[in-house]
Amino acid sequence: MTLELGKYASEVLSAYGVSLALLVGLSGWSWRRYRRVKAEMERVERGRDG
Amino acid sequence: MKALLLRDLRLAVRAGGGFGLSLAFFLIVTVLVPFAVGPEADTLSRIGPGVLWVGALLATLLSLDRQFALDHEDGALPLIATSPLPLEAVALAKAVAHWLTTGLPLTLAAAPLGILLNLEGASFPWLVLTLALGTPALSVIGTFGAALTVGIKRGGLLLSLLVLPLYVPTLIFGAEAARRGAMGLEVATPLLMLAGITLGALALLPFAAGAVLRINLR
Amino acid sequence: MSIWEYANPKKFIATTAPVIPWAFGGAILCIVVGLIWGFFLTPDADRFGSTVKIIYLHVPSAMIAINGWIMMLVASLIWLIRRHHVSALAAKAAAPVGMVMTLIALWTGAVWGQPMWGTWWAWDPRLTSFLILFLFYLGYVALWEAIPDPDQAADLTSVLCLVGSVFALLSRYAVYFWNQGLHQGATLSMDSEQHIADVFWVPLVVCIAGFILLFVALVLMRTGTEIRLRRLRALERQAQRAAA
(Lines give C-alpha, C1' and ligand atoms only; values in the text may rest on other atoms or scores of the structure.)
Protein backbone atom coordinates (compact mmCIF):
# COMPACT_ATOMS: atom_id res chain seq x y z
CA MET A 1 0.00 0.00 0.00
CA THR A 2 2.39 2.64 -1.16
CA LEU A 3 0.96 6.07 -1.49
CA GLU A 4 2.30 8.61 -3.93
CA LEU A 5 0.35 11.84 -3.86
CA GLY A 6 2.83 13.66 -6.04
CA LYS A 7 2.84 17.42 -6.20
CA TYR A 8 -0.73 17.77 -5.02
CA ALA A 9 -0.13 16.19 -1.62
CA SER A 10 -0.91 19.31 0.39
CA GLU A 11 -4.17 19.96 -1.44
CA VAL A 12 -5.45 16.40 -1.08
CA LEU A 13 -4.40 16.13 2.55
CA SER A 14 -5.91 19.46 3.56
CA ALA A 15 -9.18 18.59 1.82
CA TYR A 16 -9.35 15.32 3.72
CA GLY A 17 -8.16 16.79 6.99
CA VAL A 18 -10.59 19.68 7.16
CA SER A 19 -13.54 17.66 5.88
CA LEU A 20 -12.98 14.81 8.31
CA ALA A 21 -12.53 17.26 11.17
CA LEU A 22 -15.85 18.92 10.30
CA LEU A 23 -17.64 15.57 9.98
CA VAL A 24 -16.23 14.23 13.23
CA GLY A 25 -16.99 17.48 14.99
CA LEU A 26 -20.58 17.55 13.81
CA SER A 27 -21.15 13.88 14.62
CA GLY A 28 -19.51 14.13 18.01
CA TRP A 29 -21.47 17.24 18.93
CA SER A 30 -24.79 15.70 17.84
CA TRP A 31 -24.06 12.42 19.58
CA ARG A 32 -22.96 14.00 22.86
CA ARG A 33 -26.01 16.23 22.90
CA TYR A 34 -28.26 13.27 22.11
CA ARG A 35 -26.86 11.26 25.02
CA ARG A 36 -26.99 14.16 27.46
CA VAL A 37 -30.59 15.10 26.69
CA LYS A 38 -31.65 11.46 26.75
CA ALA A 39 -30.11 10.96 30.20
CA GLU A 40 -31.71 14.16 31.45
CA MET A 41 -35.05 13.02 30.11
CA GLU A 42 -34.78 9.65 31.85
CA ARG A 43 -33.86 11.35 35.11
CA VAL A 44 -36.86 13.64 34.93
CA GLU A 45 -39.24 10.82 33.99
CA ARG A 46 -38.02 8.73 36.93
CA GLY A 47 -38.49 11.68 39.24
CA ARG A 48 -42.06 12.08 38.08
CA ASP A 49 -42.95 8.45 38.59
CA GLY A 50 -41.20 8.05 41.96
CA MET B 1 -55.56 50.52 2.16
CA LYS B 2 -55.22 53.96 0.68
CA ALA B 3 -55.51 55.48 4.15
CA LEU B 4 -52.76 53.20 5.44
CA LEU B 5 -50.59 54.06 2.48
CA LEU B 6 -51.06 57.79 3.00
CA ARG B 7 -50.43 57.43 6.72
CA ASP B 8 -47.17 55.58 6.11
CA LEU B 9 -46.08 58.14 3.56
CA ARG B 10 -46.80 60.98 5.97
CA LEU B 11 -44.96 59.24 8.78
CA ALA B 12 -41.96 58.64 6.57
CA VAL B 13 -41.73 62.22 5.33
CA ARG B 14 -42.12 63.71 8.78
CA ALA B 15 -38.93 64.49 10.70
CA GLY B 16 -37.30 61.36 12.13
CA GLY B 17 -39.10 59.21 9.63
CA GLY B 18 -35.87 58.26 7.96
CA PHE B 19 -36.95 59.49 4.55
CA GLY B 20 -33.70 61.25 3.78
CA LEU B 21 -31.47 58.78 5.59
CA SER B 22 -31.30 56.14 2.88
CA LEU B 23 -30.64 58.80 0.25
CA ALA B 24 -27.82 60.22 2.34
CA PHE B 25 -26.47 56.70 2.84
CA PHE B 26 -26.58 56.11 -0.91
CA LEU B 27 -24.65 59.33 -1.51
CA ILE B 28 -22.00 58.47 1.06
CA VAL B 29 -21.47 54.94 -0.26
CA THR B 30 -21.06 56.30 -3.78
CA VAL B 31 -18.57 58.90 -2.60
CA LEU B 32 -16.57 56.30 -0.65
CA VAL B 33 -16.09 53.95 -3.59
CA PRO B 34 -13.57 56.11 -5.52
CA PHE B 35 -11.56 56.46 -2.30
CA ALA B 36 -11.38 52.70 -2.10
CA VAL B 37 -10.69 51.75 -5.73
CA GLY B 38 -8.81 54.81 -6.91
CA PRO B 39 -9.83 57.79 -9.03
CA GLU B 40 -9.12 56.38 -12.53
CA ALA B 41 -12.03 57.37 -14.75
CA ASP B 42 -11.91 54.13 -16.77
CA THR B 43 -12.22 51.87 -13.75
CA LEU B 44 -14.97 53.96 -12.23
CA SER B 45 -17.09 54.10 -15.36
CA ARG B 46 -16.70 50.34 -15.78
CA ILE B 47 -17.76 49.40 -12.25
CA GLY B 48 -20.16 52.36 -11.88
CA PRO B 49 -23.48 50.64 -12.68
CA GLY B 50 -22.66 47.74 -10.38
CA VAL B 51 -21.58 50.04 -7.56
CA LEU B 52 -24.75 52.09 -7.84
CA TRP B 53 -26.84 48.91 -7.81
CA VAL B 54 -25.14 47.63 -4.67
CA GLY B 55 -25.44 51.06 -3.08
CA ALA B 56 -29.14 51.28 -3.83
CA LEU B 57 -29.62 47.75 -2.49
CA LEU B 58 -27.85 48.53 0.77
CA ALA B 59 -29.72 51.81 1.15
CA THR B 60 -32.98 49.91 0.70
CA LEU B 61 -31.90 47.39 3.30
CA LEU B 62 -31.10 50.14 5.78
CA SER B 63 -34.66 51.42 5.95
CA LEU B 64 -36.41 48.04 6.09
CA ASP B 65 -36.55 47.36 9.80
CA ARG B 66 -38.47 50.59 10.46
CA GLN B 67 -41.39 49.32 8.40
CA PHE B 68 -43.15 47.25 11.01
CA ALA B 69 -40.91 47.80 14.04
CA LEU B 70 -42.28 51.30 14.76
CA ASP B 71 -45.89 50.15 14.47
CA HIS B 72 -45.04 47.15 16.59
CA GLU B 73 -43.47 49.25 19.34
CA ASP B 74 -46.32 51.72 19.72
CA GLY B 75 -48.97 49.03 19.43
CA ALA B 76 -50.43 50.21 16.14
CA LEU B 77 -49.78 46.90 14.39
CA PRO B 78 -52.39 44.83 16.27
CA LEU B 79 -54.87 47.64 15.63
CA ILE B 80 -54.14 47.61 11.93
CA ALA B 81 -54.49 43.82 12.01
CA THR B 82 -57.96 44.02 13.55
CA SER B 83 -59.15 46.40 10.84
CA PRO B 84 -61.17 44.84 8.01
CA LEU B 85 -58.15 45.14 5.74
CA PRO B 86 -56.48 41.72 5.23
CA LEU B 87 -52.86 41.54 6.34
CA GLU B 88 -51.81 40.69 2.80
CA ALA B 89 -53.08 44.11 1.71
CA VAL B 90 -51.36 45.71 4.68
CA ALA B 91 -48.08 44.14 3.58
CA LEU B 92 -48.61 45.34 0.03
CA ALA B 93 -49.43 48.88 1.20
CA LYS B 94 -46.31 48.89 3.38
CA ALA B 95 -44.20 47.71 0.45
CA VAL B 96 -45.63 50.38 -1.87
CA ALA B 97 -45.06 53.07 0.76
CA HIS B 98 -41.53 51.83 1.24
CA TRP B 99 -40.85 51.93 -2.47
CA LEU B 100 -42.28 55.42 -2.85
CA THR B 101 -40.12 56.70 0.00
CA THR B 102 -36.89 54.85 -0.78
CA GLY B 103 -36.90 52.96 -4.09
CA LEU B 104 -38.18 55.83 -6.20
CA PRO B 105 -35.91 58.53 -4.71
CA LEU B 106 -32.94 56.17 -4.99
CA THR B 107 -33.72 55.55 -8.65
CA LEU B 108 -33.90 59.26 -9.34
CA ALA B 109 -30.76 59.97 -7.31
CA ALA B 110 -28.78 57.30 -9.17
CA ALA B 111 -28.43 59.47 -12.28
CA PRO B 112 -26.73 62.46 -10.60
CA LEU B 113 -24.60 60.11 -8.52
CA GLY B 114 -23.58 58.40 -11.77
CA ILE B 115 -21.77 61.60 -12.74
CA LEU B 116 -19.55 61.18 -9.69
CA LEU B 117 -18.55 57.75 -11.00
CA ASN B 118 -17.79 58.96 -14.53
CA LEU B 119 -20.57 56.98 -16.13
CA GLU B 120 -20.75 57.24 -19.90
CA GLY B 121 -23.76 58.85 -21.49
CA ALA B 122 -25.21 55.56 -22.70
CA SER B 123 -25.19 54.09 -19.19
CA PHE B 124 -27.60 56.55 -17.59
CA PRO B 125 -30.91 55.51 -19.17
CA TRP B 126 -30.15 51.82 -18.57
CA LEU B 127 -29.16 52.39 -14.98
CA VAL B 128 -32.31 54.35 -14.21
CA LEU B 129 -34.50 51.90 -16.12
CA THR B 130 -33.09 48.81 -14.36
CA LEU B 131 -33.33 50.48 -10.96
CA ALA B 132 -36.91 51.52 -11.66
CA LEU B 133 -37.72 47.93 -12.61
CA GLY B 134 -35.75 46.30 -9.82
CA THR B 135 -36.30 48.42 -6.71
CA PRO B 136 -39.98 47.42 -6.34
CA ALA B 137 -38.81 43.82 -6.01
CA LEU B 138 -36.27 44.92 -3.37
CA SER B 139 -39.04 46.67 -1.43
CA VAL B 140 -41.45 43.73 -1.55
CA ILE B 141 -38.80 41.17 -0.62
CA GLY B 142 -37.65 43.47 2.15
CA THR B 143 -41.20 43.83 3.45
CA PHE B 144 -41.40 40.07 3.71
CA GLY B 145 -38.13 40.03 5.64
CA ALA B 146 -39.32 42.83 7.93
CA ALA B 147 -42.59 41.00 8.58
CA LEU B 148 -40.62 37.85 9.37
CA THR B 149 -38.46 39.53 12.01
CA VAL B 150 -40.99 41.96 13.46
CA GLY B 151 -41.24 40.29 16.86
CA ILE B 152 -37.52 39.91 17.37
CA LYS B 153 -35.68 42.38 19.54
CA ARG B 154 -32.74 43.95 17.74
CA GLY B 155 -33.68 42.01 14.63
CA GLY B 156 -31.94 44.44 12.28
CA LEU B 157 -28.85 42.34 11.74
CA LEU B 158 -30.87 39.15 11.37
CA LEU B 159 -33.09 40.95 8.88
CA SER B 160 -30.06 41.73 6.72
CA LEU B 161 -28.85 38.16 6.96
CA LEU B 162 -32.24 36.84 5.82
CA VAL B 163 -32.95 39.40 3.12
CA LEU B 164 -29.57 39.70 1.41
CA PRO B 165 -29.55 36.15 -0.05
CA LEU B 166 -33.07 36.80 -1.33
CA TYR B 167 -31.77 39.86 -3.16
CA VAL B 168 -29.26 37.86 -5.21
CA PRO B 169 -31.36 37.19 -8.34
CA THR B 170 -32.67 40.76 -8.51
CA LEU B 171 -29.17 42.15 -8.14
CA ILE B 172 -27.70 39.83 -10.75
CA PHE B 173 -30.29 40.55 -13.42
CA GLY B 174 -30.52 44.25 -12.61
CA ALA B 175 -26.81 44.96 -12.58
CA GLU B 176 -26.24 42.68 -15.56
CA ALA B 177 -28.86 44.51 -17.63
CA ALA B 178 -27.37 47.88 -16.63
CA ARG B 179 -23.88 46.68 -17.52
CA ARG B 180 -24.92 45.23 -20.85
CA GLY B 181 -26.94 48.28 -21.72
CA ALA B 182 -23.95 50.50 -21.01
CA MET B 183 -21.78 48.38 -23.28
CA GLY B 184 -24.38 48.25 -26.03
CA LEU B 185 -24.96 44.50 -25.75
CA GLU B 186 -28.23 42.59 -25.93
CA VAL B 187 -30.34 43.42 -22.86
CA ALA B 188 -33.74 41.86 -23.52
CA THR B 189 -33.18 38.68 -21.48
CA PRO B 190 -31.96 40.24 -18.22
CA LEU B 191 -34.52 43.02 -18.50
CA LEU B 192 -37.36 40.56 -18.95
CA MET B 193 -36.07 38.41 -16.10
CA LEU B 194 -35.79 41.46 -13.87
CA ALA B 195 -39.33 42.53 -14.70
CA GLY B 196 -40.48 38.95 -14.15
CA ILE B 197 -38.92 38.82 -10.69
CA THR B 198 -40.50 42.14 -9.76
CA LEU B 199 -43.96 41.13 -10.96
CA GLY B 200 -43.70 37.67 -9.40
CA ALA B 201 -42.55 39.12 -6.08
CA LEU B 202 -45.33 41.72 -6.17
CA ALA B 203 -47.93 39.07 -6.86
CA LEU B 204 -46.83 36.38 -4.41
CA LEU B 205 -44.75 37.80 -1.58
CA PRO B 206 -47.49 39.93 0.03
CA PHE B 207 -49.25 36.63 0.78
CA ALA B 208 -46.14 35.23 2.43
CA ALA B 209 -45.64 38.51 4.32
CA GLY B 210 -49.28 38.49 5.42
CA ALA B 211 -48.93 34.91 6.64
CA VAL B 212 -45.84 35.64 8.72
CA LEU B 213 -47.42 38.81 10.13
CA ARG B 214 -50.37 36.73 11.26
CA ILE B 215 -48.00 34.23 12.91
CA ASN B 216 -46.08 37.02 14.60
CA LEU B 217 -49.23 38.65 15.96
CA ARG B 218 -50.67 35.42 17.32
CA MET C 1 -51.08 1.81 9.58
CA SER C 2 -49.96 4.91 7.84
CA ILE C 3 -46.79 6.94 7.72
CA TRP C 4 -48.43 9.66 9.83
CA GLU C 5 -48.22 7.42 12.88
CA TYR C 6 -44.57 8.40 13.10
CA ALA C 7 -45.69 11.97 13.59
CA ASN C 8 -46.42 11.00 17.18
CA PRO C 9 -43.24 12.04 19.01
CA LYS C 10 -43.29 9.03 21.35
CA LYS C 11 -43.72 6.64 18.48
CA PHE C 12 -41.04 8.45 16.51
CA ILE C 13 -38.52 8.12 19.32
CA ALA C 14 -39.42 4.50 20.02
CA THR C 15 -39.01 3.60 16.35
CA THR C 16 -35.89 5.57 15.58
CA ALA C 17 -33.91 4.95 18.78
CA PRO C 18 -32.88 1.42 17.76
CA VAL C 19 -32.24 2.53 14.17
CA ILE C 20 -29.82 5.31 15.10
CA PRO C 21 -26.84 3.18 16.22
CA TRP C 22 -27.17 1.01 13.11
CA ALA C 23 -27.37 3.94 10.74
CA PHE C 24 -24.52 5.69 12.55
CA GLY C 25 -22.38 2.55 12.56
CA GLY C 26 -23.18 1.84 8.93
CA ALA C 27 -22.32 5.41 8.01
CA ILE C 28 -18.95 5.23 9.75
CA LEU C 29 -18.22 1.85 8.16
CA CYS C 30 -19.13 3.01 4.65
CA ILE C 31 -17.27 6.29 4.90
CA VAL C 32 -14.14 4.68 6.36
CA VAL C 33 -14.13 1.88 3.77
CA GLY C 34 -14.98 4.21 0.91
CA LEU C 35 -12.40 6.82 1.84
CA ILE C 36 -9.62 4.30 2.49
CA TRP C 37 -10.45 2.56 -0.75
CA GLY C 38 -10.52 5.82 -2.61
CA PHE C 39 -7.50 7.29 -0.91
CA PHE C 40 -5.11 4.35 -1.02
CA LEU C 41 -6.34 1.95 -3.66
CA THR C 42 -7.33 4.02 -6.66
CA PRO C 43 -4.95 5.26 -9.35
CA ASP C 44 -4.44 8.91 -10.18
CA ALA C 45 -6.45 10.24 -13.07
CA ASP C 46 -4.60 11.54 -16.12
CA ARG C 47 -5.90 15.03 -15.98
CA PHE C 48 -6.22 15.51 -12.25
CA GLY C 49 -3.23 13.72 -10.77
CA SER C 50 -3.82 12.76 -7.17
CA THR C 51 -6.40 15.51 -6.67
CA VAL C 52 -8.99 13.11 -8.05
CA LYS C 53 -9.10 11.63 -4.54
CA ILE C 54 -10.92 14.73 -3.36
CA ILE C 55 -13.96 13.57 -5.31
CA TYR C 56 -14.83 11.05 -2.57
CA LEU C 57 -15.58 13.95 -0.24
CA HIS C 58 -16.65 16.61 -2.70
CA VAL C 59 -19.44 14.82 -4.58
CA PRO C 60 -21.18 13.14 -1.61
CA SER C 61 -21.16 16.27 0.53
CA ALA C 62 -22.49 18.37 -2.34
CA MET C 63 -25.30 15.87 -2.90
CA ILE C 64 -26.27 15.89 0.77
CA ALA C 65 -26.07 19.69 0.89
CA ILE C 66 -28.70 20.03 -1.85
CA ASN C 67 -30.89 17.11 -0.83
CA GLY C 68 -30.74 18.23 2.79
CA TRP C 69 -32.36 21.51 1.80
CA ILE C 70 -35.01 19.64 -0.21
CA MET C 71 -35.71 17.46 2.82
CA MET C 72 -36.11 20.59 4.94
CA LEU C 73 -38.48 22.00 2.35
CA VAL C 74 -40.64 18.86 2.43
CA ALA C 75 -40.59 18.78 6.24
CA SER C 76 -41.56 22.47 6.36
CA LEU C 77 -44.46 21.85 4.00
CA ILE C 78 -45.67 18.94 6.11
CA TRP C 79 -45.49 21.13 9.20
CA LEU C 80 -47.40 23.97 7.57
CA ILE C 81 -50.10 21.67 6.20
CA ARG C 82 -50.48 18.97 8.83
CA ARG C 83 -48.98 20.62 11.95
CA HIS C 84 -46.89 17.63 13.02
CA HIS C 85 -44.27 18.84 15.47
CA VAL C 86 -41.84 16.08 14.58
CA SER C 87 -41.72 17.39 11.05
CA ALA C 88 -40.80 20.92 12.08
CA LEU C 89 -38.16 19.63 14.47
CA ALA C 90 -36.73 17.36 11.76
CA ALA C 91 -36.29 20.41 9.53
CA LYS C 92 -34.56 22.22 12.39
CA ALA C 93 -32.37 19.19 13.03
CA ALA C 94 -31.31 18.89 9.39
CA ALA C 95 -30.20 22.49 8.92
CA PRO C 96 -26.82 22.39 10.70
CA VAL C 97 -26.02 19.06 9.03
CA GLY C 98 -26.75 20.53 5.61
CA MET C 99 -24.75 23.61 6.47
CA VAL C 100 -21.66 21.60 7.39
CA MET C 101 -22.04 19.56 4.19
CA THR C 102 -22.19 22.76 2.14
CA LEU C 103 -19.07 23.97 3.88
CA ILE C 104 -17.26 20.70 3.10
CA ALA C 105 -18.32 20.88 -0.54
CA LEU C 106 -17.10 24.48 -0.77
CA TRP C 107 -13.81 23.77 0.97
CA THR C 108 -12.98 20.65 -1.05
CA GLY C 109 -14.02 22.50 -4.19
CA ALA C 110 -11.72 25.42 -3.43
CA VAL C 111 -8.80 23.16 -2.60
CA TRP C 112 -9.42 21.19 -5.76
CA GLY C 113 -9.85 24.26 -7.89
CA GLN C 114 -6.54 25.72 -6.78
CA PRO C 115 -4.27 23.30 -8.70
CA MET C 116 -6.75 22.58 -11.51
CA TRP C 117 -7.97 26.03 -12.43
CA GLY C 118 -5.09 27.94 -10.85
CA THR C 119 -7.36 29.75 -8.42
CA TRP C 120 -8.90 29.06 -5.02
CA TRP C 121 -12.13 30.62 -5.96
CA ALA C 122 -13.73 31.33 -9.29
CA TRP C 123 -17.12 32.94 -9.65
CA ASP C 124 -18.26 29.84 -11.39
CA PRO C 125 -22.03 29.18 -11.37
CA ARG C 126 -21.83 25.97 -9.39
CA LEU C 127 -19.51 27.38 -6.78
CA THR C 128 -21.51 30.56 -6.52
CA SER C 129 -24.77 28.63 -6.17
CA PHE C 130 -23.28 26.71 -3.28
CA LEU C 131 -22.11 29.86 -1.60
CA ILE C 132 -25.64 31.23 -1.87
CA LEU C 133 -27.03 27.95 -0.54
CA PHE C 134 -24.69 28.34 2.43
CA LEU C 135 -26.06 31.82 3.09
CA PHE C 136 -29.60 30.43 3.02
CA TYR C 137 -28.67 27.75 5.56
CA LEU C 138 -27.07 30.42 7.70
CA GLY C 139 -30.17 32.62 7.67
CA TYR C 140 -32.45 29.67 8.39
CA VAL C 141 -30.43 28.54 11.41
CA ALA C 142 -30.14 32.12 12.67
CA LEU C 143 -33.90 32.60 12.49
CA TRP C 144 -34.48 29.41 14.53
CA GLU C 145 -32.05 30.66 17.15
CA ALA C 146 -33.63 34.10 17.35
CA ILE C 147 -37.21 33.16 18.21
CA PRO C 148 -37.93 31.84 21.70
CA ASP C 149 -41.42 30.41 21.10
CA PRO C 150 -40.97 27.02 19.38
CA ASP C 151 -44.23 26.94 17.42
CA GLN C 152 -43.78 30.47 16.17
CA ALA C 153 -40.19 29.68 15.22
CA ALA C 154 -41.34 26.57 13.36
CA ASP C 155 -43.95 28.55 11.43
CA LEU C 156 -41.66 31.41 10.50
CA THR C 157 -38.72 29.22 9.51
CA SER C 158 -41.02 27.06 7.40
CA VAL C 159 -42.25 30.07 5.46
CA LEU C 160 -38.67 31.26 5.11
CA CYS C 161 -37.71 27.82 3.79
CA LEU C 162 -40.47 27.95 1.16
CA VAL C 163 -39.68 31.47 0.01
CA GLY C 164 -35.97 30.76 0.24
CA SER C 165 -36.30 27.69 -1.98
CA VAL C 166 -37.94 29.73 -4.73
CA PHE C 167 -35.24 32.37 -4.52
CA ALA C 168 -32.46 29.79 -4.30
CA LEU C 169 -33.74 28.25 -7.53
CA LEU C 170 -33.98 31.69 -9.14
CA SER C 171 -30.45 32.50 -7.99
CA ARG C 172 -29.22 29.31 -9.59
CA TYR C 173 -30.59 30.30 -12.98
CA ALA C 174 -29.47 33.89 -12.53
CA VAL C 175 -25.96 32.75 -11.72
CA TYR C 176 -25.80 30.49 -14.77
CA PHE C 177 -26.92 33.37 -16.90
CA TRP C 178 -24.41 35.67 -15.30
CA ASN C 179 -21.30 33.59 -15.85
CA GLN C 180 -20.56 30.46 -17.81
CA GLY C 181 -18.46 28.20 -15.67
CA LEU C 182 -15.23 26.29 -15.36
CA HIS C 183 -16.84 23.48 -13.44
CA GLN C 184 -17.30 20.23 -15.30
CA GLY C 185 -20.77 18.80 -15.83
CA ALA C 186 -22.48 16.32 -13.57
CA THR C 187 -20.21 13.58 -12.31
CA LEU C 188 -22.98 11.11 -11.76
CA SER C 189 -25.09 9.98 -14.59
CA MET C 190 -26.76 6.68 -15.26
CA ASP C 191 -25.38 6.78 -18.76
CA SER C 192 -22.16 4.80 -18.35
CA GLU C 193 -20.61 6.44 -21.40
CA GLN C 194 -20.59 9.71 -19.54
CA HIS C 195 -19.83 8.98 -15.96
CA ILE C 196 -16.37 8.48 -14.57
CA ALA C 197 -14.41 5.23 -14.88
CA ASP C 198 -15.40 2.25 -12.75
CA VAL C 199 -12.21 2.31 -10.63
CA PHE C 200 -13.35 5.64 -9.18
CA TRP C 201 -17.05 4.94 -9.45
CA VAL C 202 -17.30 2.04 -6.98
CA PRO C 203 -15.58 3.67 -3.99
CA LEU C 204 -17.48 6.85 -4.78
CA VAL C 205 -20.79 5.00 -4.51
CA VAL C 206 -19.67 3.54 -1.17
CA CYS C 207 -18.85 7.04 0.07
CA ILE C 208 -22.18 8.41 -1.13
CA ALA C 209 -24.00 5.60 0.69
CA GLY C 210 -21.97 6.46 3.79
CA PHE C 211 -22.83 10.15 3.60
CA ILE C 212 -26.52 9.38 3.10
CA LEU C 213 -26.50 7.07 6.12
CA LEU C 214 -24.64 9.70 8.12
CA PHE C 215 -27.22 12.31 7.19
CA VAL C 216 -30.07 9.98 8.18
CA ALA C 217 -28.40 9.05 11.47
CA LEU C 218 -27.58 12.65 12.39
CA VAL C 219 -31.03 13.95 11.49
CA LEU C 220 -32.78 11.20 13.46
CA MET C 221 -30.47 11.77 16.39
CA ARG C 222 -30.90 15.54 16.39
CA THR C 223 -34.67 15.25 15.90
CA GLY C 224 -34.82 12.97 18.92
CA THR C 225 -32.81 15.50 20.89
CA GLU C 226 -35.14 18.33 19.87
CA ILE C 227 -38.25 16.31 20.79
CA ARG C 228 -36.85 15.49 24.22
CA LEU C 229 -35.71 19.07 24.80
CA ARG C 230 -39.22 20.30 24.07
CA ARG C 231 -40.73 17.75 26.40
CA LEU C 232 -38.24 18.66 29.12
CA ARG C 233 -39.14 22.31 28.78
CA ALA C 234 -42.84 21.50 28.95
CA LEU C 235 -42.32 19.43 32.10
CA GLU C 236 -40.28 22.23 33.64
CA ARG C 237 -43.09 24.70 33.04
CA GLN C 238 -45.57 22.24 34.52
CA ALA C 239 -43.46 21.88 37.65
CA GLN C 240 -43.17 25.65 37.97
CA ARG C 241 -46.90 26.05 37.68
CA ALA C 242 -47.46 23.32 40.28
CA ALA C 243 -45.05 25.05 42.64
CA ALA C 244 -46.62 28.45 42.20
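Every chain is numbered from 1, with letters handed out A, B, ... down the list of sequences.
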Student: Name the member of C/I132, C/V163, C/D151, C/D149 that forms the most heavy-atom pairs with chain B at distances under 4.5 Å.
Tutor: C/V163
Student: Just by distance, do the side chain of C/Y137 and the backbone of C/V97 share a donor-acceptor pair under 3.5 Å?
Tutor: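 No; judged by distance alone, with no hydrogens or angles, the pair does not exist.
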Student: With only heavy atoms counted, which part of B/I172 is less than 4.5 Å from chain C, the side chain, the backbone, both or neither?
Tutor: side chain
Student: Hey, does the side chain of B/T107 reach the backbone of B/G103 with a donor-acceptor pair shorter than 3.5 angstrom?
Tutor: yes
Student: Got C/I31 and C/Y56 here, is their nearest side-chain heavy-atom distance under 4.5 Å?
Tutor: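 A side-chain contact is absent here, since even the closest heavy-atom pair is not under 4.5 Å.
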Student: Does any backbone or side-chain atom of B/L148 lie under 4.5 Å from a heavy atom of chain C? Answer side chain, backbone, both or neither.
Tutor: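 Answer is both: backbone and side chain atoms of B/L148 are under 4.5 Å from chain C.
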Student: Pick one of side chain, backbone, both or neither for C/L138, based on which atoms fall under 4.5 Å of a heavy atom in chain B.
Tutor: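 Both backbone and side chain of C/L138 come within 4.5 Å of chain B.
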Student: Does a salt bridge link B/E176 with B/R180, judged by any charged N lying under 4.0 Å from a carboxylate O?
Tutor: yes
Student: Which bit of B/R179 is near chain C, if near means a heavy-atom gap under 4.5 Å: side chain, backbone, both or neither?
Tutor: neither
Student: Is any NZ, NE, NH1 or NH2 atom of the basic residue among C/K92 and C/E145 found under 4.0 Å from an Asp or Glu carboxylate oxygen of the other?
Tutor: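 No salt bridge links C/K92 with C/E145.
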Student: Under 3.5 Å, side chain of B/N216 to main-chain N/O of B/A147, donor-acceptor pair present?
Tutor: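 At least one qualifying donor-acceptor pair exists.
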Student: Is there a salt bridge (charged side-chain N to carboxylate O under 4.0 Å, His left out) between B/E88 and B/R214? Walk through the geometry before answering.
Tutor: CA-CA 9 Å; B/E88 284 78 5; B/R214 205 163 289 128; 3.2 Å; yes
Student: Report, as yes or no, whether the 6.0 Å neighbourhood of atom CH2 on B/W126 holds more than 12 heavy atoms from other residues, nucleotides or ligands.
Tutor: no
Student: Can you tell which part of B/I215 gets under 4.5 Å to a heavy atom of chain C, answering side chain, backbone, both or neither?
Tutor: both
Student: Report, in residue-number order, which members of residues 194-204 of chain B are under 4.5 Å from chain C by heavy-atom distance.
Tutor: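 Under the 4.5 Å heavy-atom cut-off, B/I197 qualify.
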Student: For the CZ atom on C/R228, are there more than 12 heavy atoms of other groups (residues, nucleotides or ligands in this structure) within a distance under 6.0 Å?
Tutor: yes
Student: Please identify, among C/I147, C/V159, C/T157, the residue contributing the most non-hydrogen atom pairs under 4.5 Å to chain B.
Tutor: C/V159
Student: Heavy-atom pairs under 4.5 Å with chain C are the metric here; pick the option from B/L166, B/L158, B/I152, B/L161 that has the most.
Tutor: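 Counting heavy-atom pairs under 4.5 Å, the top option is B/L166.
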Student: Select one option (side chain, backbone, both, neither) describing which atoms of B/Y167 are under 4.5 Å from chain C's heavy atoms.
Tutor: neither
Student: With respect to chain B, which residue among C/L170, C/L135, C/L156 yields the maximal number of heavy-atom pairs within a distance under 4.5 Å?
Tutor: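 The option with the most such pairs is C/L156.
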Student: Ignoring hydrogens and angles, tell me if any N or O in the side chain of B/S83 forms a donor-acceptor pair with the backbone of B/L79 under 3.5 Å.
Tutor: no
Student: Which bit of B/L205 is near chain C, if near means a heavy-atom gap under 4.5 Å: side chain, backbone, both or neither?
Tutor: side chain
Student: Angle between ring planes, C/W79 versus C/H85, binned at 30° and 60°: parallel, tilted or perpendicular?
Tutor: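 Plane angle between 30° and 60°, so tilted.
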